**Q** 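Dropping the structure in here first, questions after.
Small disclaimer: the values here were computed from a predicted structure and weren't measured. Order of listing sets the numbers, starting from 1, for every ligand and every atom in it.
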Amino acid sequence: MTAPTHARALVLESPRHLVEQSFELPEIGADDGLLRVEACGLCGTDHEQYTGQLHPGRPFVPGHETVGIIEALGERAAARWGVQRGDRVAVQVFQACRACDACRRGDARHCKRNGLATMYGFQGTEVPPSLWGGYATHHYLGPDSMLLPVPEGLDPVLATAFNPLGAGIQWGVSLPGTTVGDRVAVLGPGIRGLSVCAAAKDAGADFVMVTGAGSRDHPRLEAAARFGADLVVDVTEEDPVAAFRRATGSGGASIVVDVTANAPAAFAQGVALTRGGGTFVVAGTRSQPTPDFHADHIVYKELRILGALGVDTDAYRAALDLLASHRFPFAELSRQEAALDEVEPLLQAMAGEGETPPVHGVVRPILS
Ligand SMILES: [Zn+2]
Ligand SMILES: [Zn+2]
């Protein structure tokens, strides 16, 4: 078998126009590399890009939760990244120059040379060599890439959960300081919510409640129970504040984490669930104002409210270790693996159009 000369990739030319294209594989020099993509996880960002809520206005190869094998690697890149040809790695969405003030602070999201412009799964195909995302057989690794070694024996499809679980660890544990004895409420039962639940339980939380909204969430709430949730509540059937108080005999949660999507009522619910002096981590977005909310509750309860968006390298590493430990049943999540020509209907389902989506959607160019 001769080595391929071209990559196959899905290009999102404009909202809802996802087409397969062929790109010549780039020559790899001393400072860069090439990844053979094994799997790329999908999240809310993917279907928002597809439907146009988050489209950058130029064609690009989506996919930012990528795991694969390093197929070509320059000498200096190997030293900088600490990897070798043939290694299985996960690719962080942001790139970092490792030299500017932001990078030195460990804040790659604000890297002077990179920032949002060079995010993987977002940069346009007009920038050579076009292969900047995971919906492809091959993914270019620029000199500023940040790679995470995947622990020995961890399946690549499972490893793509490094992204949501990294967020779960950062937003559910390191940011609010979750520890033994905490009573936690998690709003939203998607893979991020399940990840927050697992991370909080792993950190020693005494009690975790996970909420969802409506019958489409019921399979996810059942999964939450298998991830250690002590209580699951459908907020369209039951008042989560009353349910939490009844189950714990307490005045509220010491830590509340909101990872909902398009749920305008969740913010007020989160504030109501947080006990006096507690911490409320807001990581969900609602793309509209929050109704029936009185900010005075924040004052009277002396709440600590923390916005959360990014995830650090340490949290991603901890996520890969936790996945490799198999302490939580990520392997048994409802999951759909899609070849390149099956990605579009999966994104539509995840956007809430048509069929009930799996909890975890994964692109597998290898099946194509
Ligand atoms: Zn994502
Ligand atoms: Zn930098």
**Q** Considering only NZ, NE, NH1 and NH2 on the basic side and carboxylate oxygens on the acidic side, decide whether R246 and E238 come within less than 4.0 Å.
**A**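 Judged by the 4.0 Å cut-off on N to carboxylate O distance, R246 and E238 do form a salt bridge.
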**Q** What orientation do F293 and F267 show, parallel under 30°, tilted 30 to 60°, or perpendicular over 60°?
**A**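 It falls in the perpendicular class, over 60°.
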**Q** Between R80 and D31, does any NZ, NE, NH1 or NH2 come within less than 4.0 Å of an OD or OE carboxylate oxygen?
**A**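 Answer for the salt bridge query: yes.
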**Q** Which atoms of the protein, restricted to N, O or S, are nearer than 2.8 Å to the Zn ion (ligand 1)?
**A**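 Near the Zn ion (ligand 1), below 2.8 Å, one finds C43 SG, H64 NE2, E65 OE2.
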**Q** What do you get for the angle at the Zn ion (ligand 2) between SG on C97 and SG on C103, to the nearest 10 degrees?
**A**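 Rounded to 10°, it measures 120°.
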**Q** Out of E342, E38, E337, which one pairs with R364 under the salt bridge (charged side-chain N to carboxylate O under 4.0 Å, His left out) rule?
**A**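 Among the candidates, only E337 passes.
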**Q** Just checking E27: does its CD atom have more than 12 heavy atoms from other residues, nucleotides or ligands closer to it than 6.0 angstrom?
**A**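 Result for CD/E27: open.
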**Q** Suppose you place the vertex at the Zn ion (ligand 2); what is the angle out to C100 SG and C111 SG, to 10°?
**A**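 Vertex at the Zn ion (ligand 2): approximately 120°.
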**Q** Consider only side-chain N and O atoms of Y50 and E344, and report whether a donor and an acceptor are under 3.5 Å apart.
**A**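 Looking only at side-chain atoms, E344 and Y50 do form a donor-acceptor pair, the distance falling under 3.5 Å.
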**Q** Strictly distance-based, threshold 3.5 Å: is any side-chain N or O of D234 a donor or acceptor partner for the main-chain N or O of T236?
**A**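 Yes; judged by distance alone, with no hydrogens or angles, the pair exists.
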